[in-house]
Amino acid sequence: MAQSLIKAVRGTRDLLPPDTDTWNFVDAAARDCFRVYNFHEIRTPILEDLALFQRSVGEETDIVAKEMFAWEDRARAESEKGQWLALRPENTAGVVRAYIEHKLWERPGLQKLFYIGPQFRRERPQKGRYRQFYQIGAEIIGPPSSGSESPARDAEVLDMLAALLDRLGIEHVSLQLNSVGDPEDRRQYNVRLREALEPVAGQMCTDCRRRAVTNPLRVLDCKVPADQPIIGSLPRISDHLGPAAREHFEGLQRILQRLEIPYSINARLVRGLDYYVRTVFEFTHGALGAQNAILGGGRYDGLSEALGGPRSPGIGFAIGEDRLVMALAEAGAATARAPDVFIAPLGPGMNAEAARLAHELRRHDLIVETGDDSFRLKKLLETAARLGAHYAVIVGEDELATGQLALKDLSSGEQRQVPREELAARIIKN
RNA sequence: GUGGGCGUAGCUCAACUGGCAGAGCACCGGACUGUGGCUCCGGACGUUGUGGGUUCGAUUCCCAUCGCCCACCCCA
């Protein structure tokens with residue numbers, strides 16, 4: 001391989017057929033789900049002002065501190081400085097920015113928005129983690145008067161997710177649920193956690209010793225077996241929720257139970273983004289390697305205000321589509337598309353007849369592939385079989401003369417003469 | 001950013017302590033001039049990721065470099 005060949009840049013990849021059929025299958029299933037839950041699509045730019053992510057995701061988070069593609073744009077005038085731009089590392093910030101910029105809170109009712117698109121993080125690639133990755137996400141946001149603060153909205157989002165995963169046939173997923181409380185609850189809990197960690201951190205792994213100082217919440221996430229007893233003895237955030245957050249969390253659980261959506265409370269589920277309050281959740285899937293979270297989300301009641309907008313509580317999620325597709329592949333889901341019929345033009349000059357017939361069949365919404373009259377019939381049928389076509393139609397001199405086309409069922413091998421005008425109906429019926 | 005593993009045909013992989021780079025699948029042609037899947041015969045397929053070093057000789061050993069994978073940190 002010559003080294004001068006240009007290749008896809010690190011952490012990006014080409015999605016090729018037949019995999020793209022699977023991706024489209026997922027997209028279509030998601031859009032269908034969003035439709036019946038009355039969500040509408042929003043498309044925001046891939047490129048945003050860097051400050052948007054610093055203010056929303058959190059300046060101290062690794063995502064913003066070291067994992068963004070960001071650069072200073074060319075200055076418009078010599079006296080000016082360039083604007084700092086970034087490829088979006090997630091989509092919620094952009095959605096809320098657009099919500100504020102276009103005063104969507106003035107529209108009646110709740111804003112129920114979804115997006116499907118690429119996101120970018122400058123991390124070292126590994127299984128299920130790419131520098132350009134794809135997320136399917138949705139947000140419910142609106143002023144408090146629209147009911148945006150209600151746990152019913154949290155439940156609606158979770159119900160939709162459960163429906164989507166079920167529809168896709170993804171099994172072995174489990175809903176992990178937690179409440180991280182309101183900002184004041186979280187501050188107090190952080191203090192308590194630090195206090196509790198101080199005497200025991202020395203007995204924990206090196207990462208935890210560091211986290212105990214820098215980011216105590218992350219200690220809860222540690223997977224080192226030896227640390228588990230200590231982690232189990234640490235105070236739980238659920239014991240430190242204020243009355244409002246507690247009531248919200250209980251309200252959500254009542255609805256989930258009525259909806260018969262199974263979930264488990266994971267007191268150690270904390271999420272990395274600064275803006276999350278109250279409800280946080282994850283769906284995890286076995287057999288995806290270390291990156292086992294297939295989607296995640298939570299409530300972000302203060303985000304709009306943090307970005308200079310009016311108070312607008314909200315809740316949302318993002319599905320890691322790369323991982324969802326991986327899970328589908330694990331399940332062996334058949335999503336590839338094959339032609340309904342292959343047209344074999346037999347003999348010189350038959351391409352025109354084949355093209356005409358293909359045109360007619362396609363108007364009946366059939367997936368049609370055509371061969372070329374320069375090939376022998378043996379090769380044409382071979383091609384038809386290899387493409388996975390259900391039927392082959394032979395168009396040759398004999399057929400033209402009689403008006404009867406040879407229709408061959410490629411799985412059974414059965415072949416019969418069919419009048420040209422009945423062809424489409426015959427293929428559709430089977 | 002850190003650690004480990006791996007780079008050989010389109011794909012999956014062989015090649016003993018250094019001795020003519022191979023197999024299966026896939027591809028193309030033929031046996032079979034209007035009938036695919038099975039079988040048989042034949043064909044094409046490579047600067048062994050790249051650059052350097054050691055050697056009579058390197059896919060093999062050494063150094064460097066690039067790429068990919070897995071994991072860590074962190075996270076969807």
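Remember, predicted model here, so these are calculated numbers, not experimental data. A, B, ... follow the sequence lines: proteins, then strands. Residue 1 opens every chain.
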Start with the C-alpha distance between A/His248 and A/Asp154, add both sets of side-chain angles, then the distance that settles side chain to side chain donor-acceptor pair (under 3.5 Å), and finish with yes or no.
CA-CA 10 Å; A/His248 182 93; A/Asp154 305 40; 3.0 Å; yes

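- A/Thr92 comes within contact range of no nucleotide atom at all, as no heavy-atom separation falls under 4.0 Å.
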Symbol by symbol from the 5' end, with Watson-Crick or G-U pairs under 3.5 Å, [ ] crossing and | another strand, RNA chain B is (((((((..((((.....[..)))).(((((.......))))).....(((((..]....))))))))))))....

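- The side chain of A/Gln126 lies closest to B/C72 when the candidates are B/G67, B/C72, B/U35.
- If you check distances only, the side chain of A/Arg129 does reach the base of B/C74 with a donor-acceptor pair under 3.5 Å.
- Across all strands shown, A/Gly297 has no heavy atoms under 4.0 Å from either base or sugar-phosphate atoms.
- Comparing the P positions of B/A14 and B/A58 gives a spacing of 23 Å, expressed to the nearest Å.
- Nucleic acid contact class of A/Leu380 (heavy atoms, under 4.0 Å, all strands): none.
- Remark: the A/Arg121 side chain and the B/C75 base include no donor-acceptor N/O pair separated by less than 3.5 Å.
- The stretch residues 396-410 of chain A participates, sequence neighbours left out, in these side chain to side chain donor-acceptor pair (under 3.5 Å) pairs: A/Asp409-A/Ser411.
- Using P as the reference atom, B/A26 and B/U59 are 30 Å apart when rounded to the nearest Å.
- Separating the P atom of B/A9 from that of B/C45 is a span of 14 Å, rounded to the nearest Å.
- A cation-pi arrangement is absent between A/Arg121 and A/Phe69 under the rule of less than 6.0 angstrom and at most 45 degrees off the ring axis.
- For A/Arg194, the side-chain contact (heavy atoms from CB on, under 4.5 Å) partners two or more places apart in sequence, or in a different chain, are A/Asn190, A/Pro216.
- Ring pair A/Phe114/A/Phe34: centre-to-centre distance below 6.0 Å.
- Residue side chain A/Glu382 does not reach the base of B/U35 through any donor-acceptor N/O pair under 3.5 Å, judged by distance alone.
- The local environment of CZ in A/Arg420 is crowded, with over 12 non-hydrogen atoms from other residues, nucleotides or ligands closer than 6.0 Å.
- For B/G36, the base has no donor-acceptor partner in the side chain of A/Lys379 [N/O atoms by modelled type, under 3.5 angstrom].
- Counted within 6.0 Å of CD on A/Glu101, heavy atoms from surrounding residues, nucleotides or ligands total more than 12; the atom is thus considered enclosed.
- Taking atom P on both B/U33 and B/C25, the two are 25 Å apart, rounded to the nearest angstrom.
- Counting atom types as modelled, A/Arg376 pairs no side-chain N or O with a base atom of B/U35 as donor and acceptor under 3.5 Å.
- Between the side chain of A/Glu399 and the base of B/G34 there is at least one donor-acceptor pair of N/O atoms closer than 3.5 Å.
- Under 3.5 Å, the side chain of A/Lys378 and the base of B/U35 form no donor-acceptor pair of N or O atoms.
- The side chain of A/Lys127 lies closest to B/C70, out of B/A76, B/G34, B/C70.
- Here A/Phe133 lies in heavy-atom contact (under 4.0 Å) with a base.
- A/Arg10 comes within 4.0 angstrom of the backbone, heavy atoms only, and of no base.
- Here A/Gln415 lies in heavy-atom contact (under 4.0 Å) with a base.
- Counting heavy atoms from C-beta outward, A/Val418 and A/Val393 have side chains that stay 4.5 Å or more apart.
- Minimum atom distance to the side chain of A/Ala293 is reached by B/A76, of the listed B/A76, B/U35, B/A71.
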